[in-house]
Amino acid sequence: MRLVNAAGRAALVFDGRLVDVVSASAGRWSARVHELYESWDTFSQWVRRNDAQLRARAVNGPQISDVRLAAPVPFPRQVFAIGLNYREHAREGGAEIPSTPMVFTKFPSAITGPTDSVVLPSQYVDFEAEFVVVIGKPAERVGAHEAWHYVAGLTLGQDLSERAVQTAPPKPQQYSLAKSFRGFAPVGPVLATPDEFANPDDVEISCHLNGVEMQRARTSDLIFDVPHLVEYLSSIVTLLPGDLVFTGTPSGIGWVRDPRVVLRPDDVLVTSADRIGSMRNTFTSPTK
């Protein structure tokens, strides 16, 4: 299943065309995409049972390219993020390979859409392309072997980071605030369920800035994969439907490059993955 937030209405994607969830279900399901996660298993079963009818309906549906998409999870209650979860990213920053996941949070008010413009609060903003896990049902002390059953799907995110705030003394540093300015969590464009991938533990992600490739990696390179992260987080907190887990960024961030690369007004940042599509975010100065 591939699900989008099409201008505020939940829609399914079949061969590039959209099917409105409310219309197709005769009002059984909500137009509000975030409400679907509360009954994700039942909703998923309905989609599977009605696959043929939904595909037939999609033939006359609008093209996904003609609709402005919002974040497929617009109102998560919790947003977790994992630092240093690719070995090459840890090495490029001179950090040790962690023995347990490094966890911080992005505040939910930072969520924005896959094509939205983001205001740059300073000249110290960096990019971090990430796969994002969307939780599909309450998870407490879930073992890694069953973790994928608690995942609604995967989408893309950018863990935008204001490095001056992040690295300002004293320690411990302000990771959560530095990564939670308004618009610092673009998410989308599509939520794809795990069965959409040949192997959900091995998916490629890439990031281009103004047409130049900055990052490319596969989730098989993660130090702590999705099952491990779900197991670890749910051993401490209760994961809730619609929660997000940013799984970490590959090497290639701008802050450690020589010369350093930061985001500037009018930059175009494209984050892509198979079956999920591409986010295309632009940036403006505070006065624009």
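Note that this is a predicted model, so its numbers are computed, not measured.
- Environment of CZ in R264: sparse, with no more than 12 heavy atoms of neighbouring residues, nucleotides or ligands closer than 6.0 Å.
- Looking at F43 and M1, their side chains come closer than 4.5 Å, going by heavy atoms from C-beta outward.
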Could you go step by step and tell me if K106 and S180 meet the side chain to side chain donor-acceptor pair (under 3.5 Å) rule?
-> CA-CA 5 Å; K106 290 176 75 74; S180 295; 5.5 Å; no
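- Here the CD-CZ distance, from E204 to R218, works out to 5.0 Å after rounding to the nearest 0.5 Å.
- Between the CZ atom of F127 and the CZ atom of F283 there is a distance of 9.5 Å, given to the nearest 0.5 Å.
- Without hydrogens or angle criteria, N85 side chain to D225 main chain gives no donor-acceptor distance under 3.5 Å.
- Residues V133 and T247 have side chains in contact (heavy-atom distance under 4.5 Å, counting atoms from C-beta outward).
- For the pair P241/H34, no side-chain contact is recorded, criterion being any heavy-atom separation below 4.5 Å from C-beta on.
- The distance from atom CZ of R87 to atom CG of L222, rounded to the nearest 0.5 Å, is 9.5 Å.
- Between L177 and F104 there is no side-chain heavy-atom pair separated by less than 4.5 Å.
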Steps toward side chain to side chain donor-acceptor pair (under 3.5 Å) verdict (Q45, R48) = CA-CA 5 Å; Q45 291 167 9; R48 287 194 294 270; 5.6 Å; no
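- A donor-acceptor distance shorter than 3.5 angstrom exists from the side chain of N5 to the backbone of A71, with no hydrogens or angles considered.
- Here the CG atom belonging to L156 is positioned 9.0 Å from the CD atom belonging to Q158, to the nearest 0.5 angstrom.
- Between the side chain of D201 and the backbone N or O of S220, no donor-acceptor pair lies under 3.5 Å.
- Scored by the side chain to side chain contact (heavy atoms under 4.5 Å, CB included) test, S278 finds V270, S272 as partners (sequence neighbours excluded).
- When the shell of 6.0 Å around CZ of R141 is examined, it contains 12 or fewer heavy atoms from other residues, nucleotides or ligands.
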List the steps and the verdict of side chain to side chain donor-acceptor pair (under 3.5 Å) for E92 and H89.
-> CA-CA 5 Å; E92 73 179 351; H89 174 53; 2.8 Å; yes
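- Here the OG1-CG distance, from T249 to D126, works out to 8.5 Å after rounding to the nearest 0.5 Å.
- Looking at heavy atoms from C-beta onward, M279 lies in side-chain contact with P189 at the 4.5 angstrom threshold.
- When only modelled atom types and interatomic distance are considered, T167 and Q173 share no side-chain donor-acceptor pair under 3.5 Å.
- Between atom CZ of residue R182 and atom CZ of residue F107 there is a gap of 13.0 Å, rounded to the nearest 0.5 Å.
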Determine, step by step, whether S251 and R91 satisfy the side-chain contact (heavy atoms from CB on, under 4.5 Å) criterion, reporting the C-alpha distance in whole Å, the side-chain angles of both residues, the deciding distance to 0.1 Å, and the verdict.
-> CA-CA 8 Å; S251 62; R91 292 187 183 109; over 6 Å; no
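- At least one side-chain heavy atom of P250 sits less than 4.5 Å from a side-chain heavy atom of I205.
- Electrostatic pairing of E146 and K137 does not count as a salt bridge here, judged by no charged N lying under 4.0 Å from a carboxylate O.
- Shown here is N199, whose CG atom has more than 12 heavy atoms of other residues, nucleotides or ligands within 6.0 Å.
- Under the salt bridge (charged side-chain N to carboxylate O under 4.0 Å, His left out) criterion, the residue pairs touching residues 269-285 are E196-R275, with sequence neighbours excluded.
- For Q63, the CD atom sits in a packed shell: over 12 heavy atoms of surrounding residues, nucleotides or ligands are nearer than 6.0 Å.
- Each of L69, V19, L3, V4 was scored for a side-chain contact (heavy atoms from CB on, under 4.5 Å) with V13, with one residue passing: V4.
- For the side-chain contact (heavy atoms from CB on, under 4.5 Å) test with V125, the passing option among W255, F181, F184 is F184; the others fail.
- Looking only at side-chain heavy atoms (C-beta outward), D267 and L120 stay at 4.5 Å or farther from each other.
- Side chains of V262 and Y124 form no contact here, defined as non-hydrogen atoms less than 4.5 Å apart.
- Side chain of T105 to main chain of V79: no donor-acceptor pair is present (N/O by atom type, distance under 3.5 Å, no hydrogens or angles).
- Applying side-chain contact (heavy atoms from CB on, under 4.5 Å) to V245 and the options V230, L233, V132 leaves one that passes, L233.
- Looking at D221 and R216, no side-chain N of the basic residue comes within less than 4.0 Å of a carboxylate O on the acidic one, giving no salt bridge.
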